[in-house]
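Heads up, the thing below is written out as structure tokens.
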Amino acid sequence: MASKGFFTKSFLLYHRILHRNLSIGKLYRRTLSAKLPRYPSQSTSLPSFDDISNKTLVVDMDEWLLKSNSIFPYFMLVALEGGGYLRGLLLLFSYLFLYFFASEELMLKVMVMFSFCGMKVDGFRLDRAVLPKYFLENVGLEGFEVLKKGLKEAKGVVCISRRVPRVMVDGFLRDYMGVKEIMGREIGMKYGFFSGVLMDWNEDKLAQKMEDVGVDVMAFGSCFGKYSQQLPFTEIYTTTEQEKKNWNTLPQDMYPNPLVFHDGRLAFTPTPMATLAMFVYLPLGIVLSVLRSLIFGLLPYRLSIPLSSLTGSRSYLVGQPPQYKTGTNRAGGQLFVCNHRTLLDPIAISAGLNRPVTAVTYSLSRLSEIISPIQTARLTRNKEEDRRRMSTLLARGDLVVCPEGTTCREKFLLRFSPLFAELTDKVVPVALNTRVDMFYGTSTSIFKFMDPFYFLMNPRPEYWVEFLEKVPTEGRSIDVANGIQRKIGEALGFELTVLTRKDKYMMLAGNEGIVKA
Ligand SMILES: O=P(O)(O)OC[C@H](O)CO
């Protein structure tokens with residue numbers, strides 16, 4: 001009996017090994033052979049899989065979805081936006097120092113340590129507020145098509161990130177790509193803070209996941225070839241970095257969820273060289289920012305505009321500003337309604353008109369109010385009180401209102417709050433646009449009083465101001481507000497949304513955006 005049992009067990013073991021080796025052999029050949037089902041490098045067509053309803057796709061984010069394999073910029077964003085300039089500088093120097101002799105794994109561990117060590121776990125939102133923009137700009141269209149098809153038709157999709165830690169990719173994959181199952185490396189935590197220690201990639205966890213999923217698993221990413229002996233993939237698709245260079249970048253209009261809001265100061269991808277250039281430029285940027293602030297704060301517009309253009313900034317006036325004087329309509333002044341790009345919008349309008357205006361504000365920091373070169377007046381968010389305040393101001397002179405209630409960096413217009421339409425019989429819509437090349441002049445952080453300085457710190461900040469035809473405010477105020485939103489949207493080529501200030505702050509900062517004075 002015992003020997004029979006022994007033989008049965010031996011036979012089963014032998015069968016299992018043989019079966020496994022045959023499968024491995026098959027996979028191994030596919031992985032090494034030139035006939036490997038490689039993804040066509042210059043084609044947008046998908047690998048030839050038709051019915052995938054019974055299959056699960058495992059997609060390696062770094063190797064399949066992203067065009068560039070360089071992950072330094074994501075760590076620099078965490079270091080700079082989450083930690084500050086000193087942390088960013090330390091990360092940059094350590095990276096440049098280790099670049100020539102450290103292994104990829106050591107570099108990764110050092111980058112994680114410098115970016116995360118000591119950062120608070122609670123409230124870590126960079127994966128939702130800052131990083132998605134940069135990941136999206138690096139998504140390859142060809143790789144994305146596979147993921148999209150998988151999410152639509154396959155039994156399941158698992159996205160894995162073997163290098164960039166899970167806390168960094170979670171927001172991007174979940175909110176913008178629509179992936180629900182995400183596996184990645186973890187970072188150690190202690191007492192509510194990141195320790196900065198990068199945990200090893202857990203191959204067993206992936207193997208376990210695959211076992212739960214079943215046998216029909218298609219893998220996308222070269223790394224899977226190495227692990228084909230342990231993991232039960234039926235097909236492996238790979239690509240090389242060279243091939244990915246020929247991939248197209250995912251166009252913005254194909255983002256599964258549009259990127260309306262994002263946060264963070266940096267307006268460029270912080271590669272090592274770009275970051276170094278930014279640090280070298282920073283002292284000059286600070287001088288420029290102070291100089292430009294003084295120019296606009298102290299000099300009349302006929303001097304400040306040409307002088308500031310000598311410092312590199314540009315303002316463009318599209319079309320003619322309205323030709324009339326203050327006090328010619330029944331309300332006293334003229335009501336200007338604009339979209340909101342930065343805190344400097346009313347100043348840009350005032351410069352375009354070449355006369356002072358008053359701007360109504362909501363949740364503006366006390367410092368911004370004090371240093372503002374034009375008069376500002378607070379709103380309360382109490383409709384009756386705000387109507388009263390705005391009517392009084394309008395009776396005294398020209399008034400600028402940004403009915404979106406918060407700034408938007410991308411080519412979208414938020415919902416226009418309709419109160420302004422109840423104040424006067426005609427309003428002048430103003431379409432505004434800005435361009436920055438190094439720093440964003442808006443934020444949701446506690447340091448938002450720095451916003452205008454950051455805008456003016458850019459090497460070449462630009463403003464476009466376009467005064468549109470006057471619009472009568474007849475009919476329901478909400479229709480008037482929507483009509484003006486549409487007019488400004490058409491002038492700028494921006495998309496209209498019904499999103500609000502609250503939506504923006506909830507998404508980026510996890511609060512309602514009420515700044516304490
Ligand atoms: O800083 P934001 O983008 O919330 O906009 C602030 C508003 O201009 C305050 O009135």
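Values in this document were obtained by computation on a predicted structure and should not be read as measured data. As the structure lists them, so they are numbered: ligands from 1, and atoms in each ligand from 1.
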Expected rows: ligand 1 N/O, protein N/O, dist below 3.5 Å:
from     : atom 1 : to   : atom 2 : distance (Å)
ligand 1 : 1 (O)  : K448 : NZ     : 2.6
ligand 1 : 3 (O)  : T406 : OG1    : 2.9
ligand 1 : 3 (O)  : T407 : N      : 2.9
ligand 1 : 3 (O)  : T407 : OG1    : 2.4
ligand 1 : 3 (O)  : K504 : NZ     : 3.2
ligand 1 : 4 (O)  : T406 : OG1    : 2.8
ligand 1 : 4 (O)  : R501 : NH1    : 2.9
ligand 1 : 4 (O)  : Y505 : OH     : 2.5
ligand 1 : 8 (O)  : H340 : NE2    : 2.5
ligand 1 : 10 (O) : Y362 : N      : 2.6
ligand 1 : 10 (O) : Y362 : O      : 2.9

Exercise for review: Determine the interplanar angle of the W64 and W247 rings, folded into 0 to 90°, and report it as parallel if under 30°, tilted if 30 to 60°, perpendicular if over 60°.
Suggested key: perpendicular

Review point. Quick one: do R162 and D60 make a salt bridge, cutoff under 4.0 Å?
Key: yes

Check your understanding: Quick one: are S289 and I286 in side-chain contact, heavy atoms under 4.5 Å?
Key -> no

Practice item. Would you kindly check if the NZ (Lys) or CZ (Arg) of R501 is within the cone defined by 45 degrees around the ring axis of Y362 and under 6.0 Å from the six-membered ring centre? Key: no

Check your understanding: Between T442 and D451, is any side-chain donor less than 3.5 angstrom from a side-chain acceptor?
Key -> no

Practice item. For a side chain to side chain donor-acceptor pair (under 3.5 Å) with N69, tell me which candidate from R163, E63, K244 qualifies. Key: K244

